[in-house]
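Step one of this worksheet: look at the structure below.
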Amino acid sequence: MGIGRSTADITIIGGGIIGCTLAWELAGRGLTVELLERRELAREASWASAGIISPPAPRYGKKLELALRSYRRYPSLIDEVETATGIDVGYVHTGEIELGTESNRAALQDAIAWQRENGMQVEWLDSPEDIGAREPAIEAGATCGIFAAEAGSVVLARLTTALARAATLRGAVVREHTPVLDLTMSGGRVVGLRTFDGERPVGAVVIAAGAWSRTLGDALDLSIPTVPVRGQMLAIADPPVPLRSVVAGGGLYLVPRADGAVAVGATEEHDAGFDSSVTPAGIALLVERIAGLAPSLNHGKLAATWAGLRPGTADGEAIIGRVPHLDNAWVATGHFRSGALLAAGTAEALAETIVSGAPDAVLAPFDPARFA
């Protein structure tokens, strides 16, 4: 593999769900790992995420095989991390309903056929009455849908910090409040990085800094075209009609939590830059969509509002793999709205790639070389 010895075999830049899952996987393969996070762990997209772990479907496009691998990895990953750390990651096994109308009935029927072929426990909902029997709170114009029995959600910030803790139990070093300012190259390799504490040598690096990944692209002589996309959410306590399942439809997702509250999201704002403020307009849009999907929720208590910046990319696909002209630099970013689901598969496949030196085929669609 050619990774030199220094402070660590590999340094991960970014302490969100992608970076922390990768730290856990690499440390489990015998590498010494250091993770550097510019703020606290899980304070950006991972903190704001709804944490939905739902079954993939053909609409995932190039992400489909990675999503399937990740979905299958999640049950054991959650069990391993909770057992290692004793931290409850807030996993709620509720199932999920994906709502549809006559305009996309055929696409949903194709999706459920594919899901059944791949061993998923899914049920066809053929009418508004079927949907209402599953979820009395839903009053949208949905006429069909898919109920996925195995789906659920996690509190993603909790899972992220648990993964970081589990990685430290495997010997990894995690440093918060350590922004990386620059990288140093020599002889086709990254040889060092600079923080406010000065310069330090590195054996290898992975850029997993979410929407901020692009700031290190110049140092690598590679375009990493991540863009921040703001997503605003709210939480409703004491809903008059309790929600049983995750529900996706009507431009929203509704996520029941273990405490009975319902998380509602999310806006998709491409022009907010790095501003993660909550705005009246954003919350008003969510309230309007709630009224069209599950109006009783608007009579619960507004318990919280928040926003995060998802890492979008110039072409809408994630960026995962080795920097083409450097022997010891990789990128893992740009997962946009699918970071929660794709993290497990991304980390497993990239860790195997780094250790073996042989690219995992599941990552081929996301090769950073397309921006070289």
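All values derive from a computational prediction rather than experimental measurement. One-based numbering along the sequence shown.
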Hey, what's the ring geometry for Trp47 with Trp306, parallel, tilted or perpendicular (30° and 60° as the breaks)?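 It falls in the perpendicular class, over 60°.
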Residue from Leu234, Val255, Leu243 passing side chain to side chain contact (heavy atoms under 4.5 Å, CB included) with Val262: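 That would be Leu243; it is the only one of Leu234, Val255, Leu243 passing the side chain to side chain contact (heavy atoms under 4.5 Å, CB included) with Val262.
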Checking Tyr60 now: which residues fulfil ring-ring contact (aromatic ring centres under 6.0 Å, His included) with it, not counting sequence neighbours?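 ring-ring contact (aromatic ring centres under 6.0 Å, His included) check on Tyr60 returns nothing, list empty.
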Taking the side chain as everything from C-beta on, heavy atoms only, tell me whether [X] gets closer than 4.5 Å to [Y].
X: Pro368; Y: Trp330; value: no
X: Met233; Y: Ser49; value: no
X: Val180; Y: Val205; value: no

Qualifying residues under salt bridge (charged side-chain N to carboxylate O under 4.0 Å, His left out), relative to Asp238, sequence neighbours excluded: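 By the salt bridge (charged side-chain N to carboxylate O under 4.0 Å, His left out) rule, Asp238 matches Lys301.
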Over 12 non-hydrogen atoms of neighbours within 6.0 angstrom of [atom1] in [X]:
X: Gln121; atom1: CD; value: no
X: Asp275; atom1: CG; value: yes
X: Glu288; atom1: CD; value: no

Between the side chains of Glu65 and Arg69, is the shortest nitrogen-to-carboxylate-oxygen separation below 4.0 Å, so that they form an ion pair?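 No.
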Applying a strict under-4.5 Å side-chain criterion to I, L, V, M, F, W and Y, I'd like to know whether Val33 and Ile320 cluster together.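 Yes, because Val33 and Ile320 connect within a single hydrophobic cluster, where side-chain heavy atoms sit under 4.5 Å apart.
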Cluster link Ile146 to Tyr253, ILVMFWY, side chain under 4.5 Å: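 Each belongs to a different hydrophobic cluster.
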Apply side chain to side chain donor-acceptor pair (under 3.5 Å) to Gln115 and list each qualifying residue two or more places apart in sequence or on a separate chain.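 Once residues adjacent in sequence are excluded, Gln115 has no partner under the side chain to side chain donor-acceptor pair (under 3.5 Å) criterion.
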